[in-house]
Amino acid sequence: MNYANIKYFDIANGEGVRTSLFVSGCRRHCKGCFNAVTWDFLFGKPFDKEIEDKIIESCKDPNIAGLTLLGGDPFEPENQRGLINLIRRFKTECSGKNLWAYSGYLFDVDMIPGGMVYTEVTDEMLKAIDVLVDGRFELDLKDISLRFRGSSNQRIIDLKKSLVANRTIVIDRLMEREKID
Ligand code: SF4
C-alpha cells in the first residue's frame, strides 16, 4: 500500500485534534473528488513500519483525540490489507483514542459479505472503527456548511452502535449541528 499524505494535528477530518492518514488508491472516481491525485494506487510513498511507528507515536500525544483513515479509499481491498496491522496496533497501543474512517463505499451494501469491497479483514476493521463517513461524493449535493463530509448524501455512522443494533445508525444531523456550531 502507498500513502499520499499524513496530517498531524488535523482538525478537519473528525472530532478533536487528530492524526489523519491519506492512503493511495480509489476506484470510485467521484466527479469533483477533493483528492483525485490519490486515485492512483501507486501515488505517494510506500507505507512501511517506520511510518506506522510514527503514526502510532503521534496518536499517543495526550492532545490527540484519535486517528482518521481516508484517501483515496481505505476500504479498497488492497488498502484494507495494508491498514489492518496499523489498526490492530492502534487498538492495543492507543487505548482511549477513537478511530474514524472515510469511504466512498457503503457500509450496509458494499462492506457486508458478498459486497463489492468485503474481504477477510473487513469485519475486523469495522469492529475497530468508531465513526465511518460513507458514500460517494456527489457534486450536485455538495454543501460546504456540512462538517466532516462534502455532500449531503454522505452519512456519519456510529459504527459501534450500528454493529450492536445490527442496523445502520447515523449520528443525528440536528445533534451534529448543535454539537458543532
Ligand atoms: S471515494 Fe473519496 S477519494 Fe474516492 S473518488 Fe470519491 S471523493 Fe474521491
Side-chain angles (χ1 to χ4, degrees), residues 1-16 18-47 51-52 55 66-84 86-87 90 98-119 121-159 162 168-171 173 176 180:
M1 181 181 80
N2 274 18
Y3 72 99
N5 195 13
I6 299 170
K7 285 188 185 168
Y8 297 101
F9 305 103
D10 184 17
I11 54 164
N13 296 296
E15 282 186 318
R18 318 183 62 79
T19 298
S20 295
L21 168 65
F22 296 74
V23 299
S24 297
C26 179
R27 297 184 178 88
R28 300 264 79 188
H29 294 193
C30 309
K31 192 177 166 193
C33 168
F34 75 113
N35 208 4
V37 290
T38 64
W39 292 355
D40 181 355
F41 283 79
L42 298 178
F43 181 78
K45 298 181 195 157
F47 186 78
I51 202 71
E52 191 177 285
I55 290 171
L67 174 65
T68 298
L69 306 172
L70 64 171
D73 200 308
F75 276 88
E76 290 292 357
E78 301 90 326
N79 292 339
Q80 292 183 37
R81 295 176 184 119
L83 285 167
I84 196 66
L86 172 69
I87 291 171
F90 178 78
N98 59 59
L99 183 59
W100 282 51
Y102 282 73
S103 179
Y105 295 97
L106 294 173
F107 163 60
D108 39 14
V109 177
D110 302 313
M111 300 177 193
I112 59 174
M116 215 186 311
V117 292
Y118 186 77
T119 74
V121 295
T122 306
D123 288 336
E124 186 179 353
M125 269 182 80
L126 293 173
K127 269 186 207 143
I129 294 166
D130 297 281
V131 176
L132 174 71
V133 185
D134 82 345
R136 299 176 69 110
F137 172 68
E138 298 286 351
L139 194 53
D140 294 347
L141 299 174
K142 181 177 177 180
D143 181 348
I144 58 164
S145 73
L146 299 170
R147 287 291 300 272
F148 308 136
R149 54 204 172 108
S151 55
S152 58
N153 62 296
Q154 293 171 318
R155 304 179 296 182
I156 302 176
I157 298 171
D158 185 325
L159 268 193
S162 298
T168 304
I169 297 182
V170 175
I171 294 173
R173 300 265 154 92
E176 180 195 342
I180 291 160

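Residues take their numbers from the sequence shown, with the count starting at 1. Just follow the structure's listing: the first ligand is 1, and inside any ligand the first atom is 1.
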**Student:** Who are the side-chain hydrogen bond (donor to acceptor under 3.5 Å, both in side chains) partners of N98, not counting sequence neighbours?
**Tutor:**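 Scan of N98 (side-chain hydrogen bond (donor to acceptor under 3.5 Å, both in side chains), adjacent residues dropped) gives R18.
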**Student:** Can you name the closest pair of heavy atoms from S24 and A4 and give their distance?
**Tutor:**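 Taking every non-hydrogen atom into account, OG-N, 3.5 Å.
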**Student:** If we ignore angles and hydrogens, is there a donor and acceptor under 3.5 Å between the side chains of D73 and S103?
**Tutor:**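 Yes, because at least one side-chain N or O of D73 sits under 3.5 Å from a partner of the opposite role on S103.
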**Student:** Hey, looking at atom 2 (Fe) of ligand 1, which of F34, Y102, F75, Y105 has the closest heavy atom?
**Tutor:**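 Heavy atom nearest to atom 2 (Fe) of ligand 1 belongs to F34.
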**Student:** According to the side-chain hydrogen bond (donor to acceptor under 3.5 Å, both in side chains) rule, which pairs have a member within residues 29-47, sequence neighbours left out?
**Tutor:**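 Qualifying pairs: none.
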**Student:** Who pairs with N79 by side-chain hydrogen bond (donor to acceptor under 3.5 Å, both in side chains), at least two apart in sequence or on another chain?
**Tutor:**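 Scan of N79 (side-chain hydrogen bond (donor to acceptor under 3.5 Å, both in side chains), adjacent residues dropped) gives none.
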**Student:** Side chains of D10 and S20 only: does a donor on one sit below 3.5 Å from an acceptor on the other?
**Tutor:**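 A pair is found: one side chain offers a donor N or O, the other an acceptor, under 3.5 Å apart.
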**Student:** What are the protein N, O or S atoms, given as residue plus atom name, that sit under 2.8 Å from atom 4 (Fe) of ligand 1?
**Tutor:**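 Metal shell, protein only: C26 SG.
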